[in-house]
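The sequence lines fix the lettering, A, B, ..., with proteins before strands; numbering per chain opens at 1.
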2 protein chains.
Amino acid sequence: MAKLSGLSVSTVSRVINNKPHVSEAKRQRVQEAMDALGYSPLQAARQMRGSGSGNVAVVVPTITNNFFAHLVDSIERTCSKYAYRTLIIQTYGERAGEEEALNLLRMQHADGAILCAIENQWELIRKFTQYGRLVACNEYNEDHEISMICGRQYEGFQKATEYLLGKGHQRIAYCTGAKALVLQPKGLNIDSDRYRGFIETLSKAGKSADPDQMFTRIHTMEDGKRVMKKILNLSLQERPDAVIAGSDEVAAGMVIEGLANGIRIPEDIAILGVDDQPLASCIQIPLTTIRQPIAQEGEYAAKEMIRQLRDGAEDTIRKELDLELVIRQSA
Amino acid sequence: MAKLSGLSVSTVSRVINNKPHVSEAKRQRVQEAMDALGYSPLQAARQMRGSGSGNVAVVVPTITNNFFAHLVDSIERTCSKYAYRTLIIQTYGERAGEEEALNLLRMQHADGAILCAIENQWELIRKFTQYGRLVACNEYNEDHEISMICGRQYEGFQKATEYLLGKGHQRIAYCTGAKALVLQPKGLNIDSDRYRGFIETLSKAGKSADPDQMFTRIHTMEDGKRVMKKILNLSLQERPDAVIAGSDEVAAGMVIEGLANGIRIPEDIAILGVDDQPLASCIQIPLTTIRQPIAQEGEYAAKEMIRQLRDGAEDTIRKELDLELVIRQSA
DNA sequence: TTGTACGCGTTATCAA
DNA sequence: TTGATAACGCGTACAA
């Protein structure tokens with residue numbers, strides 16, 4: 001035993017774990033020895049005895065996206081507060097990346113994974129629940145088999161659409177990062193909920209969306225510029241007078257490209273972002289945007305993970321947070 | 001033994017570690033059994049036998065800053081390529097945060113740490129070299145006791161200053177995130193090297209810097225706006241005709257505040273950023289900026305860490321990368 | 001080529 | 001209140 005404080009392993013173990021049945025005198029002696037040797041228990045050995053690794057994996061598409069950077073920040077802050085370390089895994093939108101992350105659970109490098117990007121079918125992901133805890137953050141999980149934290153996308157997009165309609169806009173274009181426009185029952189899919197919030201509000205107002213002005217797979221500022229170019233090629237009759245961009249980055253691209261072509265924003269075309277990234281308030285025309293409560297989402301997700309890990313909670317929760325419409329100039 | 005493939009532990013171990021002295025037949029049988037059971041060796045047990053944790057800690061002030069997000073991205077990419085996991089630690093500019101990270105080494109949660117933000121004195125940090133490998137990334141280390149990867153700050157700022165002087169600017173203001181303007185011998189401190197590159201180029205041209213127009217502790221876009229306000233309060237005689245901002249964020253703040261006050265950029269005041277963040281090219285007046293080779297820095301730092309960890313390299317290296325002046329509109 | 005036995009640091013159990 | 005001992009999964013020295 002490396003703890004040559006002159007006492008037995010069990011006494012030392014009891015002191016470390018604050019267990020009873022140790023005299024104050026011995027407790028002192030052990031403490032002193034620990035301080036003197038700069039000793040600290042080895043997690044690896046503990047893990048072999050059944051306690052976990054103390055690591056939480058957080059899975060995001062990429063951390064260079066400001067939205068996810070803030071999410072990771074919030075998760076890391078919370079985990080570290082509860083003495084859990086944060087392992088970061090980027091998927092880059094690839095299924096393989098996500099599988100790699102899930103394998104961390106199987107290999108017991110992490111006790112749980114917070115999924116902020118779901119690439120694979122639930123079929124595949126489910127298999128890994130036997131190895132560790134999973135929490136979905138800013139993502140839905142169809143079968144409600146794992147806890148999830150997300151924003152009320154439907155209501156947020158509803159609010160935004162109502163706002164645009166209230167401003168008198170007639171033809172509203174729609175951009176999304178999704179690969180296709182899908183409509184599933186509410187609460188199953190984040191993209192579907194957003195689209196549903198938009199399109200159902202439109203129909204309630206007796207309007208409908210023009211299929212030619214629904215753009216999919218739109219992610220970056222460059223994508224936004226491209227879409228704006230397409231829009232500007234349309235005749236004035238066809239041209240939308242408002243756009244719900246899929247993110248602030250896309251919105252920023254559209255604003256920049258629009259201004260460069262002499263379009264007035266919001267007078268000619270109103271542009272509405274999503275996320276409320278720092279970028280949103282600092283471009284030429286500050287963005288009106290649907291604010292996602294990123295910090296809260298991350299904190300709740302991390303706390304839920306810790307609840308399951310540390311407190312051994314077996315039940316799953318579903319926490320929904322309100323989105324807020326932040327009104328600036330672009331719409 | 002959990003490996004109930006019907007063979008002995010050592011045979012299994014030999015297969016797992018690709019060691020010789022195993023017949024092809026047995027090797028096959030073990031492989032099959034492993035696949036069938038979805039078995040994978042437990043790192044925790046290996047660690048007890050002396051191999052490391054397989055984790056690399058990466059220490060940044062905050063990941064929400066785009067610069068560091070890209071650095072972490074690049075490091076994580078590289079580490080994962082070599083089967084190392086990336087633990088993220090944010091210091092928020094606090095010494096305590098850095099110590100916490102270094103303690104990961106002591107507790108053997110990580111085999112090494114890549115320091116992208118050095119908060120404490122080297123005196124303190126040195127103590128932790130006994131517990132694991134350290135690599136400084138985008139930071140200098142005074143005593144050259146650990147490997148470091150960084151940009152040639154002096155030359156970069158020299159180039160930028162020469163550029164501004166070449167444009168005929170007479171009074172150049174200077175912003176830095178550092179707590180004070182320090183001048184140390186070249187190669188010891190990143191802030192000092194930058195400042196030296198600026199000020200020495202100035203003197204070579206027979207000019208000097210106005211102490212009243214050297215701003216310290218300038219980090220954020222808000223800080224940039226504040227500095228611009230101060231500058232606009234000066235009389236036209238005193239007012240600088242160019243500014244080297246400490247970062248693109250600061251530069252962006254200055255551009256926005258300047259434009260809002262009717263200043264023409266770069267005609268009235270030229271503004272030069274640092275980093276070349278995505279932000280730089282998308283604000284109203286695209287930023288001329290000193291580009292840091294972030295992706296390369298991160299990759300080199302990670303590779304150096306792996307060289308030390310996996311290959312057991314004991315020597316330290318010092319890799320310096322060129323900074324590039326990206327010329328857009330703001331200067 | 002193959003298998004056995006031991007020890008790494010920790011916790012749980014049981015005996016003193 | 002204490003301490004001795006077994007067990008976790010792995011790698012390795014050594015024996016077969």
So, is A/Thr11 near the phosphate of D/dT2, with a side-chain N or O under 4.0 Å from OP1 or OP2?
no

Output the single nucleotide from D/dC8, D/dT2, C/dT10 whose closest atom is nearest the side chain of A/Met48.
D/dC8

Report yes if a side-chain nitrogen or oxygen of A/Ser23 is closer than 4.0 Å to either non-bridging phosphate oxygen (OP1 or OP2) of D/dT2; otherwise report no.
yes

Quickly, which of A/Lys319, A/Glu304, A/Glu297 forms a side chain to side chain contact (heavy atoms under 4.5 Å, CB included) with A/Cys137? Name it, please.
A/Glu297

For B/Gln47 and D/dC10, give me the distance from atom CD to atom P, rounded to whole Å.
14 Å

Remember a base hit wins even if backbone is also touched, and classify A/Pro20 as base, sugar-phosphate or nothing at under 4.0 Å, heavy atoms.
nothing

Does B/Gln130, at its CD atom, have more than 12 non-hydrogen atoms belonging to other residues, nucleotides or ligands within less than 6.0 Å?
yes

Distance, rounded to the nearest Å, where B/Gln43 contributes CD and C/dG9 contributes C1':
16 Å

With distance as the sole test, does B/Asp73 use its side chain to make a donor-acceptor pair with the main-chain N or O of A/Ile63 at under 3.5 Å?
no

Take atom CD of A/Glu24 and atom C1' of D/dT2, then tell me their distance rounded to the nearest Å.
15 Å

Quick one: do A/Arg152 and A/Glu320 make a salt bridge, cutoff under 4.0 Å?
yes

For the pair made of CG in A/Leu42 and P in C/dC8, what is the distance, rounded to whole Å?
13 Å

Among C/dG3, D/dT1, D/dC10, which nucleotide sits nearest the side chain of B/Tyr39?
D/dC10

Can you find a side chain N or O atom of A/Lys19 that sits less than 4.0 Å from OP1 or OP2 on D/dT1?
no

Whole Å only: how far is the NE2 atom of A/His109 from the C1' atom of D/dG9?
13 Å

Can you tell me how far C1' of C/dT10 sits from CE of A/Met34, to the nearest Å?
13 Å

Of the nucleotides C/dT4, C/dT10, D/dC10, which one has an atom closest to the side chain of B/Pro41?
D/dC10

Between C/dA15 (P) and A/His21 (NE2): distance, integer Å
16 Å

Quiz item: B/Arg49 side-chain donor-acceptor pair to C/dG9 base, under 3.5 Å
no

So, B/Arg310 and B/Asp111, do they make that salt bridge, N to O below 4.0 Å?
no

First encountered from the 5' end of DNA chain D, between B/Ala44 and B/Arg14:
B/Ala44

Expressed in angstrom and rounded to an integer, what is the separation of B/Met107 atom CE from C/dG9 atom P?
17 Å

Result for 5'-nearest mapping on DNA chain C, choosing between B/Ala45 and A/Ser51, is B/Ala45

Record whether the side chain of A/Ser10 comes under 3.5 Å of the base of D/dA4 through a donor-acceptor pair of N or O atoms.
yes

